[in-house]
Q: 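Can you read through this structure? Questions will come right after.
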Number of protein chains: 2
Amino acid sequence: MENACKHLKTRGIKPSYQRIKIFEYLLRNRNHPTVDMIYRKLVPRIPTLSKTTVYNTLNLFIEKEIASIIIIEENETRYDADTSVHGHFKCRKCTKVYDLDIDLSKIDIPMLAEHSVTEHHFYFKGICKNCR
Amino acid sequence: MENACKHLKTRGIKPSYQRIKIFEYLLRNRNHPTVDMIYRKLVPRIPTLSKTTVYNTLNLFIEKEIASIIIIEENETRYDADTSVHGHFKCRKCTKVYDLDIDLSKIDIPMLAEHSVTEHHFYFKGICKNCR
DNA sequence: TCCATTTTTGTAATCATTACAAAGTATGGT
DNA sequence: ACCATACTTTGTAATGATTACAAAAATGGA
């Protein structure tokens, strides 16, 4: 994935080994991982990896807007390489998080119009089609 | 507010002094308080109040569905006595959280239809009308 | 009043995240 | 190639929110 490296550069992020690996993980695993999931998956290949580095790197990605934060449960911060406007559905039973396409033109919230909105978050919970 | 007491009873919650006070706080202050805000406001009037009690009580309210959780920032859990479907807008500048009326019939998210949804969460960030 | 149950309380434990400083790595000029 | 400087990574310790737990207090019948 030379891809990841270039993507980092274009956003003004120096493509260090750790940053590339973490970003590649986000690109490949579209399962909205937590810091811990990323750390545990990468540390066998990068034995010196520190959890602090994962935190630092993700915070950098958020700041440079190449990743976004997903909060569905308290105390469970997840990350997503998809920074476009979209939503999430979490199944209470299997705990899987589904992505939802969101067409903003089909979302009518009059009271929003008076403010200047920079972030849109939509998430839902329930039982997914497979668990019903 | 005899109101609060009755409301608790109808949901099968024994109306202890602390529970009534905490619920009244939620009813009066529609500003989406954190546990700490509730605790600090009530402890002068209830000197023996423990933060653990506030946590326990709010968790009970959530379980019995007379209050709901609002998560807009990581590490900042807020509570709301309004359990109806509605949204929130948080201003980055003044940090105020506005309520948004949401008309679900005007929200079209096709991919949601295949699941069975029990919770709807909508939140937005940006700069509010007063701060622009 | 006495007993059983529930509620409250304080302390300690847990867990995710951040602060911080030391060690390591890259970079650019000479 | 060498050095000075800046940036990145790392480990440990600190922080802060939340929960676990057990003792104390309050409640509500019989």
Side-chain angles (χ1 to χ4, degrees), chain A residues 4-5 7-9 11-26 32-64 66-80 95, chain B residues 4-5 7-9 11-26 32-64 66-80 95:
Chain A
C5 182
H7 198 171
L8 294 179
K9 279 186 197 162
R11 299 303 187 103
I13 299 174
K14 283 193 188 173
S16 73
Y17 184 70
Q18 288 85 342
R19 287 171 180 172
I20 293 170
K21 288 302 168 191
I22 292 171
F23 193 58
E24 281 179 356
Y25 179 93
L26 282 182
H32 321 96
T34 61
V35 164
D36 202 59
M37 286 163 70
I38 298 171
Y39 174 76
R40 286 213 305 272
K41 194 67 174 292
L42 293 183
V43 77
R45 300 226 158 218
I46 317 172
T48 66
L49 185 65
S50 160
K51 223 174 214 181
T52 301
T53 299
V54 182
Y55 277 106
N56 290 342
T57 302
L58 289 170
N59 285 338
L60 180 69
F61 288 175
I62 298 300
E63 192 190 318
K64 299 291 189 179
I66 63 170
S68 60
I69 289 190
I70 303 171
I71 310 170
I72 300 184
E73 311 284 354
E74 337 120 70
N75 74 38
E76 194 183 70
T77 306
R78 293 166 173 271
Y79 295 86
D80 194 338
T95 74
Chain B
C5 182
H7 198 172
L8 294 180
K9 278 186 196 162
R11 299 301 186 105
I13 299 174
K14 284 193 187 173
S16 74
Y17 184 69
Q18 287 85 339
R19 287 170 179 173
I20 293 170
K21 289 302 169 190
I22 291 172
F23 194 57
E24 281 179 354
Y25 179 92
L26 281 182
H32 321 94
T34 61
V35 164
D36 202 58
M37 287 163 70
I38 300 171
Y39 174 77
R40 286 213 305 270
K41 193 67 174 290
L42 293 183
V43 76
R45 300 227 158 218
I46 317 171
T48 67
L49 185 65
S50 161
K51 223 173 214 181
T52 301
T53 300
V54 182
Y55 277 106
N56 289 342
T57 302
L58 289 170
N59 285 339
L60 180 70
F61 289 174
I62 299 299
E63 191 190 320
K64 300 291 189 180
I66 64 170
S68 60
I69 289 190
I70 303 171
I71 311 169
I72 299 184
E73 310 284 355
E74 337 120 69
N75 73 41
E76 194 182 70
T77 306
R78 294 167 172 273
Y79 295 87
D80 194 338
T95 73

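Every chain is numbered from 1 and lettered A, B, ... according to where its sequence line falls, protein lines coming before strand lines.
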Q: Between A:Glu73 and B:Ile71, is any pair of side-chain heavy atoms under 4.5 Å apart?
A: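 Not touching, per the 4.5 Å side-chain cut-off.
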Q: Is any side-chain heavy atom of B:Lys51 closer than 4.5 Å to one of B:Val43?
A: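 In short, these two side chains do not touch, never coming nearer than 4.5 Å.
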Q: If you take any heavy atom closer than 4.0 Å to DNA chain D, which residues from residues 45-54 of chain B end up in contact?
A: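 The answer is B:Thr52.
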Q: Decide yes or no for B:Thr77 and A:Asn75: does some side-chain heavy atom of the first lie under 4.5 Å from some side-chain heavy atom of the second?
A: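 When only atoms from C-beta onward are counted, A:Asn75 and B:Thr77 do not touch, as no gap falls below 4.5 Å.
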Q: Once you round it to whole Å, what is the distance between P of C:dT9 and CZ of B:Arg19?
A: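 After rounding, the gap between these two atoms is 11 Å.
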Q: For a quick check of understanding: with a heavy-atom distance under 4.0 Å over all strands, which category does A:Thr34 fall into, base, sugar-phosphate or nothing?
A: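 Contact class for A:Thr34: none.
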Q: A side-chain contact here means heavy atoms from C-beta on lying under 4.5 Å apart; do A:Phe61 and A:Ile22 qualify?
A: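 A:Phe61 reaches A:Ile22 side chain to side chain.
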Q: Counting N and O atoms only, with roles assigned by atom type, does the side chain of B:Arg19 sit under 3.5 Å from a partner on the main chain of B:Lys14, one being a donor and the other an acceptor?
A: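 Side chain of B:Arg19 to backbone of B:Lys14: a pair is present.
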Q: Atom CG of B:Leu42 to atom P of C:dT9: distance rounded to whole Å?
A: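 It is 11 Å, rounded to the nearest whole Å.
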Q: Nearest whole Å is fine: how far is C:dT17 P from A:Ile62 CD1?
A: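 Taking atom P of C:dT17 as the reference, CD1 of A:Ile62 is at 12 Å.
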Q: In whole angstrom, give the distance that lies between atom CD1 of A:Ile38 and atom C1' of C:dT17.
A: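 So the CD1-C1' distance, A:Ile38 to C:dT17, works out to 14 Å.
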Q: Using a cut-off of strictly less than 4.0 Å, decide whether A:Thr77 has a side-chain nitrogen or oxygen near OP1 or OP2 of C:dA16.
A: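 Looking at the OP1 and OP2 atoms of C:dA16, neither is under 4.0 Å from any side-chain N or O of A:Thr77.
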Q: For a side chain to side chain contact (heavy atoms under 4.5 Å, CB included) check, start with the C-alpha distance between A:Ile70 and A:Tyr79, then their side-chain angles and the critical distance, and finish with the verdict.
A: CA-CA 6 Å; A:Ile70 303 171; A:Tyr79 295 86; over 6 Å; no
Q: What is the 5' to 3' range of DNA chain D, first to last nucleotide, that sits under 4.0 Å from any heavy atom of chain A?
A: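 The protein-touched segment is D:dC7 to D:dT12.
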Q: Starting at atom OH of A:Tyr39, determine the distance to atom C1' of C:dC15, rounded to an integer number of angstrom.
A: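 Going from A:Tyr39 (OH) to C:dC15 (C1'), I get 16 Å.
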Q: How about B:Leu26 and B:Leu58: do any of their side-chain heavy atoms sit closer than 4.5 Å?
A: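 Yes, side chains in contact.
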Q: Answer yes or no: is there a side-chain heavy-atom contact under 4.5 Å between A:Lys21 and A:Leu49?
A: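 When only atoms from C-beta onward are counted, A:Leu49 and A:Lys21 do not touch, as no gap falls below 4.5 Å.
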Q: Between P on C:dT17 and CE on A:Met37, what's the gap in Å once rounded to a whole number?
A: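 Roughly 13 Å, once rounded to whole Å.
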Q: Start at the 5' end of DNA chain C and walk down; is the nucleotide closest to A:Tyr55 or to B:Lys14 reached first?
A: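 Its nucleotide being nearer the 5' end, the pick is B:Lys14.
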Q: Which residue, B:Asn75 or B:Asn56, contacts DNA chain D at a nucleotide closer to its 5' end, judged by nearest heavy atom?
A: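 In this pair, the answer is B:Asn75.
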Q: Whole angstroms only, please: what is the CD1-C1' distance between B:Ile20 and C:dT7?
A: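 From B:Ile20 CD1 to C:dT7 C1': 13 Å.
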Q: Any chance you could lay out the side chain to side chain contact (heavy atoms under 4.5 Å, CB included) test for A:Ile13 and A:His7, step after step, and finish with the verdict?
A: CA-CA 9 Å; A:Ile13 299 174; A:His7 198 171; over 6 Å; no
